[in-house]
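In what follows, chains are A, B, ... by sequence order, proteins preceding strands, each numbered from 1. For the numbers below, each heavy atom of this structure counts, side chains included, while hydrogens, waters and symmetry mates do not. The structure presented is a predicted model; accordingly, all values stated were derived computationally and were not measured.
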Amino acid sequence: MTDRHSDLDALLADLTEPQREAVLHVEGPLLVLAGPGSGKTRVITLRIAHLVLGVGIAPWNVLAITFTNKAAGEMRQRVGQMLSPRQARAMPITTFHSLCARLIREFGDRLGLDPRFSIYDTADQQRAMKQALESLDMSTSNFPPAKVLATISNAKNELLDPETYASVASDFYHRKVAQAYRKYESILRQNNALDFDDLLLMTVQLLRQHADVLEQLQERHQYILIDEYQDTNHAQFVIANTLAGKRQNICATGDPDQSIYRWRGADIRNILDFETHYPDAKVVRLEQNYRSTKNILAAADGLIRHNVRRKHKALWTENEPGDPVTIVVCPTEREEARWVVDQFCQLHDMERIPWSSMAVFYRVNSLSRAIEDELRHRGIPYQIARGTAFYERKEIKDAVAYLRAISNPADEVNLLRIINTPARGISSATIKALQAHAAAHHTTLPQLLDNPQQVTTLNPRAISAVSRFGAQLEAWRKVTERVDVTLRSFLEQVLRESGLESFYAADDNDPDEDRAMNLGELVSSAQQFEDELEFADMSQDESTLGRRLQAFLERISLVSDVDSVDADQGSVTLMTLHAAKGLEFPVVAITGVEEGLLPHDRAVAEAEEVEEERRLCFVGVTRAMQRLYLTCTQRRTVFGQTLPTTPSRFLRELPRETVVTQELDDFVGDVFAGESRFGVAAEQRRRAAEDARMYPPGTRVRHPQFGIGRVLNVSPAGAHTRARIEFGSVGIKTLVLQYARLEVLDRPDLPF
DNA sequence: AGGTTCGAGTTTTTT
DNA sequence: ACTCGAACCT
C-alpha cells in the first residue's frame, strides 16, 4: 500500500497545474474542459486513484461512466495498474446503457418488469414498429418505420412518455406518431422488451418514483465521473444528476468542440450549462496538447474557428512542427484508395512504422469498401471497427433470436424470427391462425405454443408441428434453470437441436460466406464471455445458466462498433469518424473529404448541422499524432452511378501554411477555389445548375398525383437530380426531376 | 409449402 | 450495385 502511495505521489508530481487541480479535487461538482490530446484520460484515472488511495474512498463507491464498453475496459485496465486489479474489478466502470440495464435487472420488479427482458436492437424495433403501424392501419410509405422510430427516440431522450408526447403533438403527423408511440410501447411491454432509449427512460422512472431505491443507489455511487460529457442526452443528464443528489460529487469531462451526436439526442447544453446547473462547480481547462504536431494542431484549430456558435479555446503544443497536412486530389475512389495504401506501404517499409499505427477514417461506412479492396489486394492486415456487423449476420441473428426467445418467454418478435427457421412445418398461414386466435382469446402467441390444440382453425399436422416446437422450447428453458451447464455447451445444444447448425452447414449458396464458421465463432465468444464472468466475480458458481444467459445477451445488445478494435493486432484500422472519437494514431488518412460526404448532404441545409460536421472533421484531424492525409476525389461511384464531386469546404478552411496539396492525374481545378473541373462532368454540372435555377426553394409546383407542393431543396446529381418537395396531401417526397412531370406554378423572387 | 423472380429502396453517423 | 420484401410460380 505504501508503495502505491509513493507511486501516486510520483505520478502527481508530473502533472501540470490545471491537471493537478482536476486530479486533487474531491468534493462537489467539477467540470474538466479538455481539448483533444490534453491528457484527459490520464487525469481521470489519476483522479480515481487519488480518490481511493489518497482520500480512502471505497472503490465500489466510485462510479465511472464512459462512452463505449471498450473505453470502459481500457479505463478499468489503467485503474487496475494504479490500484490493484481486484480493486478495479470492484469499481463500476461502465456505459450509461449497461449501467441502466443492470439497474433495471436489479430493481425491475418496482417497475413491473420481468428481469428476463430482451433489449431490442434496431432491427427488432423495426419489426415491432411495423406491427404497431399495421394494427393502426397506418401505411409504412407515409409513415416509414425508421422515421417514426427516430421521432419516438427523440421523445424518449427528452423523457416524454406516450401521454405527454400526445399532449404536445400539434400537427397531423405528430398526432399519428403519438398513436404509433403508444402502440409501440404496448407491444414492447407485451414482449417484455426494452429498446435502447427505454433503458435510460425506465431508469429515470425508477429513480424518480422509488425514493428508497434512489437513496440506496446514492449511497452506492458517491463519486460519479462521466467522460465524453458533450455527448450525453437529457435522460443521461437526469440520471447522473439524480444519482449525484445533494452531494453533487459529479465530475464531467469533455470538449464541446467534439460534440458529434446531436442527431442521436445528445444535448450540447449539458456541458455548456454545467456551471448553471451546478453554481458551485469548479472548472478546469486543459488546453495543452501532447498528441499532435504543431501543423496538425494548427490545421485543426483553423478549421474549428469557422464554427460561429462556439466558445474559443486556445490549443497549443510544445511538440515538433512535423510535416504539413497533405491534401490529395484523386480522379476516383480507386486511385484514392491506391494512394492511401501506397503511402502507408512507404511509411511501413521506409520508416518501419507498424501497421497498427495507421488508420483510415471516413464519413460513411460505404467508403470502407474501396480501401478494403486495396488493402486485401496488397495483402496488408487490416481491421474494420464494426463490432455490430458480426451480430447483424443472418445466421448470428437467428442463433441469438433462439437464445432471446428461450431466455424471455414473452418475446414474440424473436420467436417469430425463428419459429420456422429452419423450416419445421409451421407455415405463415399457421402463424396467422395462431395470432388471430391469440387476439380473439386474450392470450399471446408464445403462450399458445404450449397447447395449440385449442386453435380449432388449425389442421392436425400444423398442431403437431407447433406443439413439438413448443415442447422443444420448454425443454431448453428447463436447462436454463441449472447451474452446472456452461453457456458454451448450451449454445451448442440449441444450435444442434434447433437444426440451425445443419441448416447452415448444408447452405453453400454463396461460397465466400462461411455461415457455419460464424456460428462457431459465436460459440467461442460465449465461452470467452463466461470465462471473463468467472474472473470478474468469484461468487458466480451459484448462478444459473439463465442468469448467465441474460448477461451474455445484454452484452451482445450493447456492443459498440469500436469494441472489436484491438490496437495490438498489428493491422491497419478502418472506421467511421464517429467511431474514431477518443482514439489516437500516429498516421491518419481521412478519405472522401468532399461536399456531400463531409459535410454530408443531409446536413448542409442547416448551419447548426454543418457546424456538427465540422466538429466531426475536427475530431478526425485531431486523432492524428504525426502525419495526416486528407483525400478527395473528382468523381465517385454511388449507387452504381458515377458522378462528379467537389472538394469539401473544410479543406479551404484549413490555414494554407499548414497544408500541401497533391493533385493526381488530370485535375485542373483548385481545391481552395472549391471547384473541380474536367471533361465528362462539365455537361452534367451545367445541367444540374440549370435545374437548381428552375426550382429554387419555395417554388410552388403541381404534381399529377400528389397535387400542389412547395420545393424545399434540389440536390444536383446530373440526370438524377432530385428535389425534395413538401405536398399538403402526402407530406415530403423526394422526386427525380427528370421523371416527376412537375408544373411550375410560381417561383419566389430570383436573386439573379 | 417452399423457392424464385422482380422491383424498390438504399447510405449518415450508433448506444 | 446490392439487399430485401412481396408477388408469383412449382
*asked:* Do A:Asn192 and A:Asn408 pair up side chain to side chain, a donor and an acceptor below 3.5 Å, judged on atom types alone?
replied: yes
*asked:* Could you check, using the six-membered ring where one of them is a Trp, whether A:Trp263 and A:His600 have ring centers closer than 6.0 angstrom?
replied: no
*Pair A:Asp197-A:Ser153, side-chain donor/acceptor within less than 3.5 Å*: yes
_Taking donor-acceptor contacts at under 3.5 Å, does the side chain of A:Arg602 reach the base of B:dT12?_
no
*asked:* Need one value for A:Asn157: base, sugar-phosphate or nothing, where a base atom within 4.0 Å counts as base even if backbone is also close, heavy atoms only.
replied: nothing
*If you measure from the ring centre of A:Tyr261 to the centre of the six-membered ring in the base of B:dT13, is it under 5.5 Å, with the planes under 30° apart?*
no
*Separation between the C1' atoms of B:dT12 and C:dG5, rounded to whole Å*: 23 Å
*For A:Ala603, answer base if it contacts any base atom (sugar-phosphate contacts may also be present), sugar-phosphate if it contacts only those atoms, and nothing otherwise; contact means non-hydrogen atoms under 4.0 Å.*
nothing
*Whole-Å C1' distance, B:dT11 and C:dA6*: 23 Å
*With respect to A:Phe67, which candidate in A:Tyr261, A:Tyr229, A:Phe96 satisfies the ring pair (Phe, Tyr, Trp, His ring centres under 6.0 Å) definition?*
A:Tyr261
*How do A:His97 and A:His600 order along DNA chain B: which one's closest nucleotide is nearer the 5' end?*
A:His600
_Among B:dT13, B:dG2, B:dT11, which nucleotide has an atom closest to any side-chain atom of A:Trp263?_
B:dT13
*What is the distance, rounded to the nearest whole Å, between atom CD of A:Gln126 and atom P of C:dC4?*
12 Å
_Below 4.0 Å: OP1/OP2 of B:dG2 and any side-chain N or O of A:Asn420_ = yes
*When all nucleic acid strands are considered with a 4.0 Å heavy-atom cut-off, which category describes A:Phe96: base, sugar-phosphate, or nothing?*
nothing
*Within the structure, does a side-chain N or O atom of A:Thr576 lie under 4.0 Å from either OP1 or OP2 of B:dT14?*
yes
*A:Arg369 CZ - B:dT11 P separation (whole Å)*: 14 Å
*Which sits closer to the 5' end of DNA chain B, A:His578 or A:Arg424, going by the nucleotide each is nearest to?*
A:Arg424
_Output the rounded distance in Å from CD (A:Glu228) to P (B:dT13)._
20 Å
*Taking atom P of C:dA1 as reference, at what distance in whole Å does atom CG of A:Leu643 sit?*
14 Å
_Just verifying a value: how many Å separate A:Arg424 CZ and A:Arg468 CZ, rounded to the nearest 0.5 Å?_
9.0 Å
*Is any side-chain N or O of A:Ser427 closer than 4.0 Å to OP1 or OP2 of B:dA1?*
yes
*Grab the CD1-P distance between A:Ile419 and B:dG2 for me, whole Å please.*
13 Å
*Could you check whether A:Asn365 gets within reach of a base, just the sugar-phosphate, or nothing at all, counting any heavy atom under 4.0 Å?*
sugar-phosphate
*Can you check the A:Arg102 CZ to B:dT15 C1' distance for me, whole Å?*
14 Å
*Indicate whether any N or O donor in one side chain lies under 3.5 Å from an N or O acceptor in the other, for A:Asn414 and A:Asp411.*
yes
*Nearest whole angstrom, please: distance from the C1' of C:dC4 to the CZ of A:Arg127.*
12 Å
*Nearest-Å distance, OH (A:Tyr391) to P (B:dT15)?*
13 Å
